[in-house]
Amino acid sequence: MPKTSARLLALLSLLQARRDWPGAVLAERLQVSQRTVRRDVDRLRELGYPIAAVKGPDGGYRLEPGAELPPLLFDDEQAVALAIALQIATTSGAGIDEAAVRALNTVRQVMPARLRSRVDALQVTTVPNSAPQASSNVLLALGAAVRACEILRFDYASGDPRRVEPHHLVTWARRWYLVAWDLDRGDWRTFRADRITPRIPTGPRFTPREVPGGDVAAFVINRFRGADATGAWPCRGEVILDLPAAAVSRYTRDGVVEELGPNRCRVVLGSWSWPGLAAAITRFDADVEVIGPPELREAFADLARRCTKAALP
């Protein structure tokens, strides 16, 4: 049987891992009797951990949120992960730089020496986030409205008051965005959190709609790259390049590349405009044969005229 202190830590770790634990399962995992589990639960309660008894055929225990924060238990990997996360928190765009530094110092001070040396050896150099920082209070307010499914009223930087059904709070390119259904415009919108000033109180509750496509990450990516809600580019063309397929495929994230020979391949790409697509294909610095559509061929002709004009003295 493990020593009492080690057993208490193991029991606390199990209680943190999931919501409800039957007493018999805890006893089996700890290789002790259920009576010993009851005594250990009482010891943890004396230390300030709010552990409730769960009624039912099997009985059990649940670690509940407490009014006061008792000592937290982290294994070695969790402690290192927390320290790394705090080091890169300055790039989150959430306006928590100073708080993250103070939290990191606090965590480091209570770490065992063996873990502290590992964290100190991993010094992360972060590139400062030049994007506007969203207020942590604004992010908390937006997150609360999303979780409660309550209509949100806010003033936007454009000067327009908005009424929306908030659905997701996401990050993209070091900025925070609110994905919401705009009630006045009858459409999905993305709002920069640093431009939002929430109005209090929030409105009535609503039944959440499904984000187009069902995937909020794909929806946001498609919105910012210019594609429609399904992920399809508005302009899509096919060409043949005088380059090996292996040399082209590494630079086409969502394109189709088919090998036609040692130094020849078929490429299907999409873009937000025909000139943009033509320019993207030209960057491969190889002879191009346009398969279609005609709009892409016209875009190449227009691009050639512009390049010729730019090359004149």
What pair of heavy atoms forms the shortest contact from [X] to [Y], and how long is it?
| X | Y | result |
| --- | --- | --- |
| L14 | W21 | O-NE1, 2.5 Å |
| P166 | A180 | CA-CB, 3.9 Å |
| S33 | A27 | C-CB, 3.9 Å |
| D20 | P22 | O-CD, 4.1 Å |
| R45 | A52 | NH2-C, 4.0 Å |
| L152 | A145 | CD1-CB, 4.2 Å |

Check: [Y] and [X] side chains under 4.5 Å, non-hydrogen atoms:
| X | Y | result |
| --- | --- | --- |
| R162 | R185 | yes |
| T190 | F219 | yes |
| I151 | V164 | no |
| W188 | V211 | yes |
| V239 | V268 | no |
| D187 | D182 | no |
| E289 | R264 | yes |
| D302 | E298 | no |

When rounded to the nearest 0.5 angstrom, what is the spacing between [atom1] in [X] and [atom2] in [Y]?
| X | Y | atom1 | atom2 | value |
| --- | --- | --- | --- | --- |
| D287 | L243 | CG | CG | 9.0 Å |
| L241 | C265 | CG | SG | 5.0 Å |
| L30 | D40 | CG | CG | 7.5 Å |
| D194 | L139 | CG | CG | 9.5 Å |
| L11 | R29 | CG | CZ | 11.5 Å |
| L15 | L44 | CG | CG | 7.0 Å |

- Query: Are any side-chain N or O atoms of Y156 and backbone N or O atoms of R192, one a donor and one an acceptor, separated by less than 3.5 Å?
  - Reply: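 Between the backbone of R192 and the side chain of Y156 there is a qualifying donor-acceptor contact (under 3.5 Å).
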- Query: Does R189 use its side chain to pair, donor to acceptor, with the backbone of W181 at less than 3.5 Å?
  - Reply: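 No; judged by distance alone, with no hydrogens or angles, the pair does not exist.
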- I281 pairs by side chain to side chain contact (heavy atoms under 4.5 Å, CB included) with which of L269, V267, V248? L269
- Query: Is the F206-H167 ring centre distance short of 6.0 angstrom?
  - Reply: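 Yes.
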- Query: Do F191 and Y177 have ring centroids that are under 6.0 Å from one another?
  - Reply: no
Restricting to side-chain contact (heavy atoms from CB on, under 4.5 Å), what partner residues turn up for [X], sequence neighbours left out?
| X | value |
| --- | --- |
| R39 | R35, T36, R43 |
| P244 | A247, N263 |
| Y251 | R283, F284 |
| T197 | D155 |

- Test side-chain contact (heavy atoms from CB on, under 4.5 Å) applied to L63 and Y49, step by step: CA-CA 7 Å; L63 182 61; Y49 290 93; 4.3 Å; yes
- Item | Under the salt bridge (Lys or Arg N to Asp or Glu O under 4.0 Å) test, residues paired with E258 that sit two or more places apart | R266
- Query: More than 12 heavy atoms of other residues, nucleotides or ligands under 6.0 Å from CD of E295: is that the case?
  - Reply: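 Counting neighbours around CD of E295, more than 12 heavy atoms of other residues, nucleotides or ligands fall under 6.0 Å, so yes.
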- Query: Hey, mind stepping through I240 and I291 against side-chain contact (heavy atoms from CB on, under 4.5 Å) and telling me if it holds?
  - Reply: CA-CA 7 Å; I240 293 178; I291 304 302; 3.8 Å; yes
- Item | Worked check of side-chain contact (heavy atoms from CB on, under 4.5 Å) between L169 and W176 | CA-CA 7 Å; L169 191 61; W176 287 85; 3.8 Å; yes
- Message: Can you pull out every side-chain hydrogen bond (donor to acceptor under 3.5 Å, both in side chains) where at least one residue sits in residues 201-210? Sequence neighbours excluded, please.
- Response: E150-T202, E165-R209
- State plainly whether one hydrophobic cluster holds both L303 and V290, where clusters connect Ile, Leu, Val, Met, Phe, Trp and Tyr through side-chain heavy atoms under 4.5 angstrom apart.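 Not linked; separate clusters.
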